[in-house]
Amino acid sequence: MASRLGMRAVRLATVAQRSGALRTATRTAAPRAAAAVAAPMMQQARGLKTLNFGGSQEDVIERSDYPQSRYGNIFKDDTLCMLGYGTQGRGQALNLRDNGMPVIVGVRKDGGSWQKAIDDGWVPGTNLFDIDEALSKGTVIMYLLSDAGQMMAWDQVKPHLTPGKTLYVSHGFSVVFKEDTKVIPPTDIDVILCAPKGSGTTVRNLFLEGRGINGSVAVYQDVSGKAQERVEALGIAVGCGYLYNTTFQKETYSDLVGERGVLMGMIAGAFHAQYDVLRAKGHSPSEAFNETVEEATQSLYPLIGANGADWMFAQCSTTAQRGALDWAPRFEEALKPVFEKLYAEVENGNEARRSLDVNSRPDYKESLEKELAAIDQSEIWQAGKTVRQLRPENQ
Ligand SMILES: NC(=O)c1ccc[n+]([C@@H]2O[C@H](COP(=O)([O-])OP(=O)(O)OC[C@H]3O[C@@H](n4cnc5c(N)ncnc54)[C@H](OP(=O)(O)O)[C@@H]3O)[C@@H](O)[C@H]2O)c1
């Protein structure tokens, strides 16, 4: 998903460049103005892009805005303290290390992450520490424990967030739902966010391929007057290729809606619903799976990813086009109220509370494994295993 988004961004930039739509913009936000005073030549050299997104103009920050020499200089007096070494912490920490940044990792010694970090070459006592020691050394605290973990470890972290330090997160969840999480940052430090639009594995893999994932950046508190520049610099340093501005709240709400909706929850529900109807009407498991999942993921969704829904329609038979064009509005009408309900549940905090409650339970991992095993054992996904074995690349 993320790589296709990346392709899309590249394509947009290319199209915009060809049409002359790409232009250099003047920044107006106060921190940007301060940066311009401090380093006028650099500001001119940056060439911030404003692109047309379906009729709206938005700023896009890209890697050429922050070459290594620039972000290295911005953080030359800092120690970047990566707390947590899950998929996202690992991807960002390794990219920072490869980018020559002063990064250390902080994880608990009795969890799985400690050994994982050692396996990746982090050295205990040199750049790998337990959480307290890492916190005492870090100046930019990159809080990348799981979202429930952030709530549980907050009392340990908060005393280290003294003036001059920065709190960095990759999801606004803990801060936005602070009434529930109690993650309330001190008011005298910068609080910033860079949320890569994809898993930490994709963050790392795209970096290794010499590309960058899309990311959102936001500033919650700007005490230093440099928070916007620092979050942009850090976003590029952790491996993003393009950065888009947002707020903590918008990033959090859209992320929660997206993963419950089209990205994961809705699509899984739609697969099951269509598969079950086909099976109930006497279609074989292979036929139901091929018409529901395999053709979607192997043929049609990649076409949407490459060039949009109109392109996908254009590549299909006239029979398919007519039917899809007629049925799309009916699905839209049926689904819209569900998405409105979903957004309301995110906005009122119910989704966050449910997530925190369930994910904080001691038996969380066992319950999750049971739920995932039930999906794995269901007929649709068992049929999928056999279908996938027949793909040429799996022969
Ligand atoms: N995954 C994604 O696709 C993605 C994308 C964008 C943003 N993000 C955001 O990035 C952040 C990290 O996500 P993630 O997916 O990397 O999380 P994750 O894989 O669930 O990370 C778990 C990490 O948190 C540590 N941890 C959990 N509870 C803890 C506790 N009570 N005390 C100390 N350490 C604890 C774990 O340590 P142990 O090994 O010791 O248990 C592990 O290092 C989250 O805010 C997430 O929303 C994630």
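Just so you know, ligand 1 is whichever comes first in the structure, and atom 1 is the first atom listed for that ligand.
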Could R70 and E229 be called an ion pair, given the rule that one side-chain N must be under 4.0 Å from one carboxylate O? yes
Considering non-hydrogen atoms only, spot the tightest contact between S170 and P196 and give its length. OG-CD, 4.1 Å
Output the set of protein residues with a heavy-atom contact under 4.0 Å to ligand 1, ordered first by chain identifier and then by residue number. G84, Y85, G86, T87, Q88, G89, R108, G111, G112, S113, I131, L144, L145, S146, D147, G149, Q150, M152, S170, H171, P196, G198, S199
Salt bridge (Lys or Arg N to Asp or Glu O under 4.0 Å) pairs, two or more places apart, involving residues 109-124: R90-D120
Excluding sequence neighbours, so at least two apart, what forms side-chain hydrogen bond (donor to acceptor under 3.5 Å, both in side chains) with W381? H272
Test of understanding: with salt bridge (Lys or Arg N to Asp or Glu O under 4.0 Å), list the residues that count as partners of R322, not counting sequence neighbours. D326
For the residue pair P302 and A296, what are the closest heavy atoms and their distance? CD-O, 3.7 Å
